[in-house]
Number of protein chains: 2
Amino acid sequence: MAVFLSTYVNKVDRKGRVSIPAQFRQSLAKTSAPGTVYLWPSLNHQALEGADQDYLDVLSESLESPDLDADERDMIETFIFGKLIPVSSDAEGRIVLPKELAEFAGIGEEAAFIGRRKTFQIWEPDALKAHEAALREQVVRKDISLSQIVAKASRGAAARNGEGA
Amino acid sequence: MAVFLSTYVNKVDRKGRVSIPAQFRQSLAKTSAPGTVYLWPSLNHQALEGADQDYLDVLSESLESPDLDADERDMIETFIFGKLIPVSSDAEGRIVLPKELAEFAGIGEEAAFIGRRKTFQIWEPDALKAHEAALREQVVRKDISLSQIVAKASRGAAARNGEGA
DNA sequence: TGCCGTCCCATGCTATCCCAAGAATGCCCA
DNA sequence: TGGGCATTCTTGGGATAGCATGGGACGGCA
């Protein structure tokens with residue numbers, strides 16, 4: 001599955017075209033549907049989410065899980081699969097941002113691609129800055145550090161592996 | 001996984017290139033992606049963090065842990081993976097410091113690499129000195145000693161291994 | 001027939017690769 | 001034990017290829 005990292009800000013031309021960052025393109029090239037990305041409006045932010053075919057397959061499968069309640073399933077089906085737009089890139093690696101999606105995210109002349117491992121997001125650059133600033137404040141307020149989180153996660157994993165049994 | 005120790009100060013040329021300290025390079029050579037390091041802005045300092053592929057794999061895994069709440073996960077995905085830049089070294093063992101990262105850390109003509117075992121940091125040399133001075137003061141004030149820390153840690157490990165059950 | 005979307009071509013910039021030399025270190029031999 | 005030699009590391013500059021971006025032309029749909 002493709003891995004998306006880093007942040008890139010690219011321009012949107014008059015036709016609504018944007019270059020997919022080269023790094024993302026390389027990741028996408030290795031998936032089962034190279035040249036095609038799927039876009040949908042984020043559930044939680046005024047931004048777009050993007051992923052490759054393989055990720056959607058996984059998502060689709062997890063919808064079959066009995067652990068989900070009907071509400072959750074309904075929500076995903078309506079807001080993700082219902083809004084999903086497959087977009088194919090041209091020879092230069094550009095895609096056309098569908099109008100309604102660009103509007104939803106408030107994207108004008110520039111679009112910020114931010115990698116989130118298995119998916120990525122597309123933001124209006126200033127909106128992204130604001131979002132990051134808000135998040136950073138939380139980091140400070142809660143005094144979060146990376147090593148702390150790794151420790152917390154691995155402690156939990158150890159417990160599940162038998163030490164707690 | 002690579003181990004990084006000691007401190008090195010190297011020059012940054014006009015193109016933003018820096019030599020990775022030879023010692024670090026030797027460590028990196030043994031990892032699953034030799035020649036590639038990952039850089040991102042530190043959560044807690046005006047400095048850059050660096051690691052190898054293997055460390056990131058561990059980090060990535062810990063994000064899957066159910067012990068983390070959604071906030072924390074979102075934060076890490078935005079601030080670490082969203083800012084993460086894979087950098088590959090040239091034949092001479094140099095990397096290019098991405099502009100936005102160099103700016104974030106205030107790095108100009110010189111960069112200080114400081115090993116932190118599984119990761120390393122890159123500082124603007126003067127900022128590092130100031131940081132170290134501040135830390136040293138804390139050591140004195142809190143009367144911290146190495147043997148104390150080792151004792152404390154091993155006492156905790158013993159408790160978790162059954163003495164407390 | 002007019003408009004919209006897609007494809008193709010062109011260009012400036014940036015990053016990557018390649019080649020080269022000075023400096024510092026460690027080793028070997030006298 | 002001291003000096004000389006060789007190797008490694010750091011640093012510098014030029015050439016090349018890739019990428020982001022812009023505009024125009026062709027074809028399809030309404």
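Throughout, a chain's letter reflects where its sequence line sits, starting with A, and its residues are numbered from 1.
Ion pairing between a basic and an acidic side chain is recognised when a charged N comes within 4.0 Å of a carboxylate O; Glu72(B) and Lys142(A) show no such pairing.
The nearest whole Å value for the distance from the CG atom in Asp90(B) to the P atom in dT16(D) is 18 Å. As a whole-Å value, the separation of Asp13(B) CG from dT16(C) C1' is 13 Å. At whole-Å resolution of the value, CD in Glu92(B) and P in dC18(C) are 9 Å apart. If you take NZ of Lys15(A) and P of dG23(D), they are 9 Å apart, rounded to a whole angstrom. Between Ile20(B) atom CD1 and dT10(D) atom P the separation is 10 Å, expressed in whole Å. Here the P atom of nucleotide dC19(D) and the OH atom of Tyr8(A) are 11 Å apart, to the nearest Å. Going from atom CZ of Arg25(B) over to atom P of dT11(D) covers 10 Å, rounded to whole Å. With rounding to whole Å, Leu97(B) atom CG is found 15 Å from dT16(C) atom C1'.
Side chains of Ser32(A) and Asp54(A): a donor-acceptor N/O pair is present below 3.5 angstrom, by distance only. When only modelled atom types and interatomic distance are considered, Thr78(B) and Arg116(A) share a side-chain donor-acceptor pair under 3.5 Å.
Sequence order on DNA chain C of the closest nucleotides to Lys99(A) and Ala91(A) puts Lys99(A) first from the 5' end. Nearest-nucleotide positions on DNA chain D for Arg94(A) and Gln26(A) put Gln26(A) closer to the 5' end.
Aromatic ring centres of Phe24(A) and Phe4(A) lie closer together than 6.0 Å.
Here the side chain of Arg17(A) is nearest to one of dG24(D), dT10(D), dA15(C), namely dG24(D).
Under 4.0 angstrom from either OP1 or OP2 of dG13(D) there lies at least one side-chain N or O belonging to Arg14(B).
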